[in-house]
Amino acid sequence: VTGADVWLKLESQQRSNAFKVRGAFNAALSLAERGERPVLVTASAGNHGRGLAEAAAATGMSCVVFTPGDAPRAKLDAIHAAGARLDSSYPDYDAAEIAAKDYAAATGGCYISPYTHPDVVGLVEQIQAEYIRIYGGKDETPMEVGEFDPPAGSFLVAYAAGSPVAMGGWRFRPDVEAPGGQRPAE
């Protein structure tokens with residue numbers, strides 16, 4: 001319609017259908033590269049647990065995932081199908097996380113937090129470094145809601161069977177020059 005190039009990074013195309021798989025794989029692969037092969041342990045409401053279960057299967061490690069009992073059945077089934085041991089007997093995420101940390105400490109497993117594990121966080125830092133390499137610095141520009149209103153940008157929510165399954169936004173960045181002299185949207 002506008003003649004602009006559009007690049008999509010579809011998280012739904014990840015093995016676990018969510019971005020959390022990247023951090024989980026980075027953690028498992030980093031452990032394996034260091035010669036460590038512990039039982040991977042985590043707490044999750046679904047996506048991180050599924051990602052870590054997939055990563056454990058791909059690297060030949062064992063995995064135990066603790067979830068709240070009300071986690072989505074499809075995610076629990078996927079965690080189990082990936083070969084992880086699943087304990088979904090907890091009333092909420094906080095209780096599952098406490099149990100996961102206790103289990104890892106008691107058994108010598110490696111607790112992989114989706115938020116604070118150094119190899120998960122390290123991947124975010126690697127991605128930021130790549131952004132800086134390409135664009136010359138961090139994007140610290142403030143975002144205003146109006147920047148996502150057409151024609152300057154857009155915010156989208158995708159639904160399947162009446163439930164939100166993905167969201168994303170973009171805004172035109174005339175102040176940034178991408179490789180090849182293009183003006184990107186982000």
Side-chain angles (χ1 to χ4, degrees), residues 7-68 71-72 75-76 78-79 82-88 90 92-143 165-171 173 176 178 184 186:
W7 295 74
L8 302 174
K9 183 174 65 116
L10 300 174
E11 299 300 343
S12 62
Q13 298 303 303
Q14 297 284 353
R15 285 179 53 95
S16 69
N17 298 316
F19 74 93
K20 296 275 186 165
V21 71
R22 292 179 296 186
F25 262 88
N26 195 61
L29 290 170
S30 295
L31 288 165
E33 286 173 1
R34 292 191 294 265
E36 300 174 38
R37 303 196 74 70
V39 172
L40 305 179
V41 182
T42 198
S44 175
N47 287 336
H48 176 69
R50 183 175 180 185
L52 195 62
E54 293 273 352
T59 57
M61 293 186 210
S62 297
C63 182
V64 182
V65 180
F66 293 77
T67 71
K75 292 178 183 181
L76 298 177
I79 291 167
R85 189 179 126 220
L86 177 64
D87 184 344
S88 59
Y90 300 93
D92 56 34
Y93 179 85
D94 291 341
E97 184 175 44
I98 290 167
K101 288 178 177 179
D102 288 348
Y103 178 87
T107 64
C110 181
Y111 180 73
I112 307 288
S113 166
Y115 312 107
T116 61
H117 189 276
D119 293 321
V120 173
V121 174
L123 180 64
V124 172
E125 292 168 355
Q126 290 172 21
I127 293 169
Q128 289 173 341
E130 183 67 8
Y131 183 94
I132 290 168
R133 185 188 69 74
I134 292 170
Y135 297 109
K138 287 184 177 180
D139 179 9
E140 296 177 358
T141 58
M143 288 195 237
V165 294
M167 67 179 188
W170 68 269
R171 62 183 177 150
R173 289 295 307 276
V176 174
E186 63 176 0

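Heavy-atom basis, side chains included; hydrogens, waters and symmetry copies ignored.
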Nearest heavy-atom neighbours spanning S113 and H48: C-NE2, 4.1 Å

Any donor-acceptor N/O pair, T42 side chain to I112 backbone, under 3.5 Å: yes

N26 side, atom CG; L31 side, atom CG - distance, nearest 0.5 Å: 9.5 Å

R37 versus A32, closest heavy-atom pair with distance: NH1-CB, 3.5 Å

Approximate separation, where rounding is to 0.5 Å, of I79 CD1 and E54 CD: 10.0 Å

Reported CD-to-CG distance for the pair E33 and D119, which is rounded to 0.5 angstrom: 9.0 Å

Considering all heavy atoms, the nearest A55-A28 contact: CB-CB, 3.8 Å

Atom of R50, atom of A78 and distance for their closest heavy-atom approach: NE-CB, 3.2 Å

Smallest separation among heavy atoms of P38 and G108, with atom names: CB-O, 4.4 Å

Within-4.5 Å side-chain heavy-atom neighbours: E97 and Y90: no

Residue pair V64 / D87, side-chain heavy-atom distance below 4.5 Å: no

Closest contact, heavy atoms only, P72 versus A45: CD-O, 3.5 Å

Nearest-0.5 Å distance, CG of residue L86 to OG1 of residue T67: 5.0 Å

Separation between CG of L40 and OH of Y111, rounded to the nearest 0.5 Å: 12.5 Å

Spacing of OG1 belonging to T107 relative to CG belonging to D102, to within rounding of 0.5 Å: 10.5 Å

Plane angle bin for Y103 and F66 - parallel if under 30°, tilted between 30 and 60°, otherwise perpendicular: tilted

pair H117-L52: side-chain heavy atoms closer than 4.5 Å: no

